[in-house]
Amino acid sequence: MPIAGSAPLTPIAPHSGEALQLLDDPQEWSAFSRPYGKTAACWESSVVIEGMHCSACSFTVEDAIAAVPGVLQVQVSAGSHRARVIWSAEQVQPSAWMLAIQKRGYRAMPANDVFASERRRVETRKALWRWLVAGLCMMQVMMYAYPAYTAHPGDLTAEMERLLRWASWVLSLPVMLFSCGPFFGNALRDLRRGSVSMDLPVAIGIAITFAVSSLGTFDPTGVFGRAVYFDSLTMFVFFLLTGRWLELRLRDRTAGSLEALMNRLPESLERLNAEGGFERVAARRLLVGDLVRVHPGEAFAADGVVEQGQTLVDEALLTGEYHALRRGPGTKVVAGSHNLSSTVQVRVQALGEQTRFAQIVALMQSASTTKPATAALADRLARPFLIGVLLAAGLSCLWWWQTDPERALMVAVAVLVVTCPCALSLATPAAMLAAAGNLARGGVMVRNLQALEALSSVDTVVFDKTGTLTQEAMVIGAAEVRAGVSVAEALQMAAALAAHSLHPASKALCAASSLPAYAASAWTCEAVTEFAGQGLEGHAVQGAQECLLRLGSARFCGLTRGASDSLRVHVSDAQGWLASFELREEVRAQAARAVALLQQAGVQVHLLSGDDAESVQRVAAKIGIVQVRGACSPAEKLAVLRDLQAQGRKVAMVGDGLNDGPVLAGAHVSFAFGQAVPLAQAQSDFIVMGGQLLAVVQALQLSRRTMSVVRQNLWWALLYNVAGVPLAILGLLPAWLAGLGMACSSLLVVANALRLTASAQVPKGT
Amino acid sequence: MDILYLLIPLSVVLVFCILGGLWWAIDRGQFEDIEREGERILKDS
């Protein structure tokens, strides 16, 4: 679905063939496939297709996969961006048809959530089926009830009336036994656990109504009289299921987009094999005791001990320790931390569930299932409320029994039904899920529903600069070189060194060195060490030439030149300064507008960056941010944040998570960009895909609307109950009207929440 | 009017038949990707 005002689709980087071949390992198949049919050789796989934006794409992808020999059946859904592929393991490997997809310009990801989505599909089908059964039976029961309401006394023969009641009873059976299954199931489960939920009064009400009506049908002379309520009963169930169905659809849409985030290629790393060489294997295949080689920029996939090499590691996301830590032979490294400076060999000691990383992830997952505070409050209030409802129903039944036993039970039913706090319990989650679904379609994933509540009260937004307000990639501008050296030559030397680092400046140098304009003989570098925040040092070799090369800041390269007004990276060798390259940052196209819109919305915007004050000032001036601080270490960033919070401000932090992990964690609400390291994504409340800054503004505006909808819903539910209960107790509210009222109030709450799914329009212009 | 004694039970049977048809359609996933069949007309091949 095209998003209003979106930037042109960013080209999708294809997976390397090597990475896809990891999927040919039968051990990996079970994560995204299951055996198909009776023959063991056929598998049914689920993959997510990236880059699809219309239904024509789904046919293109379908044709591409179907053309691969060995693929038996394929179905691509344009709505869910998923493909279901049935293939024969004897004739084809998964990487083959995934490459076929890639050749058409799309990207395939194994859908690791195959079980979750399959379970959801079954659940959705069953819910739809229950709803349709209730709906159809309701309509027909209404038909049978109609003559009894309209006939004059004597028009309807006794036999005919009994036949109509019998027919109503038969059609109410599937509704009772099948459609109401979840209500009775939940009520029984609650009773066994000694708790109460809103399904209990509903189940009791339904059961009593059915019992009274059945007795009226088969024993018209009994104590409960001859009244039947099959029409009210089926209608009540139908409306109730309609509300549940809408809620389920809403939840599915959100859950589906969240689970899709978890789809990744299996993590891989290089392991020492029997022949003494290193080969790339999936992390899943590692065993305790294996020796693995980890390159700079890669994450450690397991806990282990360094056997060879010296390096710096970043454990910020695990421990909040933002200084790079030195690790040498004999010291421990933990899974989930990142190798920063040089290649090391590590002996694996603990894997998977046993690693500290897995424990932390489990902790975060449990934290993400926490309920929003208002929903938790509603839940806390619901219990005494429900007990009160049950008591009120029982007492009013007793009271009416003395005067009019025929009506007593139906009065109790009316009380039970009218007070059903469905609307109350739906009020918060429905609105938040609708908002989350809306944001997901706009490219913002909500990891924590509670954050929507926090975001609505935010009055300060702090941006990081690099990778957030500016593009991650820098470009090389003007270059100065020492006499006797050509620009191309200097660039090739710098790039050889830069290839060992993941710093944005290094990436820019590498990107520039492959341009035809800078073609020159290539250099290689050995024994490279990265000095965090300063630069790189290594032995550069080309043929017979050899020198010690340094790349980095002016001070690191021993320069004492006057500071220029632009960001520069320098190269020096044994003879001193060799070259300087100007780096230009591209400010994101949406940055100025996003900031202006935030300021219009009454939000104070700050810019905090680790880069030097001057370049930060320049970017800030371009975008229109007044509160600026450059040259901040992560500790200082955190201190600034704490200062703001101490002034009573509610702060949202927007960053890439690479070096502001602790700050993201410390803010009231945090946004991470989609390219951020996986753990930062896992920690932040919102994840912005595709680098759209305006999405932050949309999220803020939507969260404010969401909270106002939540408040409206809560007030409505409360008023409705306060008005309904006395009427029901006094017997002024028949059961059918109570059912209608309750269902309408639930539908109203859901419909009010659905207003939030309409795409938020960001006002044009600044 | 006597025919009603046949028609009413028949209508009950008919409802069950319709429910059976709906179950068949749901079970085959016909309500899951509703736009797709309509868009098939746009396909070239």
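Chain A is the first sequence line, chain B the second, and so forth, proteins listed ahead of strands; every chain is numbered from 1. The figures here come from the full heavy-atom set of this structure, side chains too, leaving out hydrogens, waters and symmetry mates.
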Using the test salt bridge (charged side-chain N to carboxylate O under 4.0 Å, His left out), find all partners of A/Arg84 that sit at least two apart in sequence or belong to another chain.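 A/Arg84 satisfies salt bridge (charged side-chain N to carboxylate O under 4.0 Å, His left out) with A/Glu44 once adjacent residues are dropped.
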May I have the list of side-chain donor-acceptor pairs in residues 9-30 of chain B shorter than 3.5 Å, sequence neighbours left out?
residue, atom, partner, partner atom, Å
B/Ser11, OG, A/Tyr144, OH, 2.5
B/Ser11, OG, B/Ile8, O, 2.6

Quick one: what part of A/Thr124 sits under 4.5 Å from any heavy atom of chain B, side chain, backbone, both or neither?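 For A/Thr124, no heavy atom lies under 4.5 Å from chain B.
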Would you please go through residues 129-141 of chain A and name the residues with a non-hydrogen atom below 4.5 Å from one of chain B, in numerical order? A/Trp129, A/Leu132, A/Val133, A/Leu136, A/Cys137, A/Gln140
Residues in side chain to side chain contact (heavy atoms under 4.5 Å, CB included) contact with B/Tyr5, at least two apart in sequence or another chain: A/Thr157, A/Glu159, A/Met160, A/Leu163, B/Asp2
More than 12 foreign heavy atoms under 6.0 Å from CE of A/Met143: is that the case here?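 Not more than 12 within 6.0 Å, no.
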Please check if the number of heavy atoms outside A/Tyr146 that lie under 6.0 Å from its OH is greater than 12. no
OG1 (A/Thr217) and CZ (A/Phe210) are apart, to the nearest 0.5 Å, by 8.5 Å
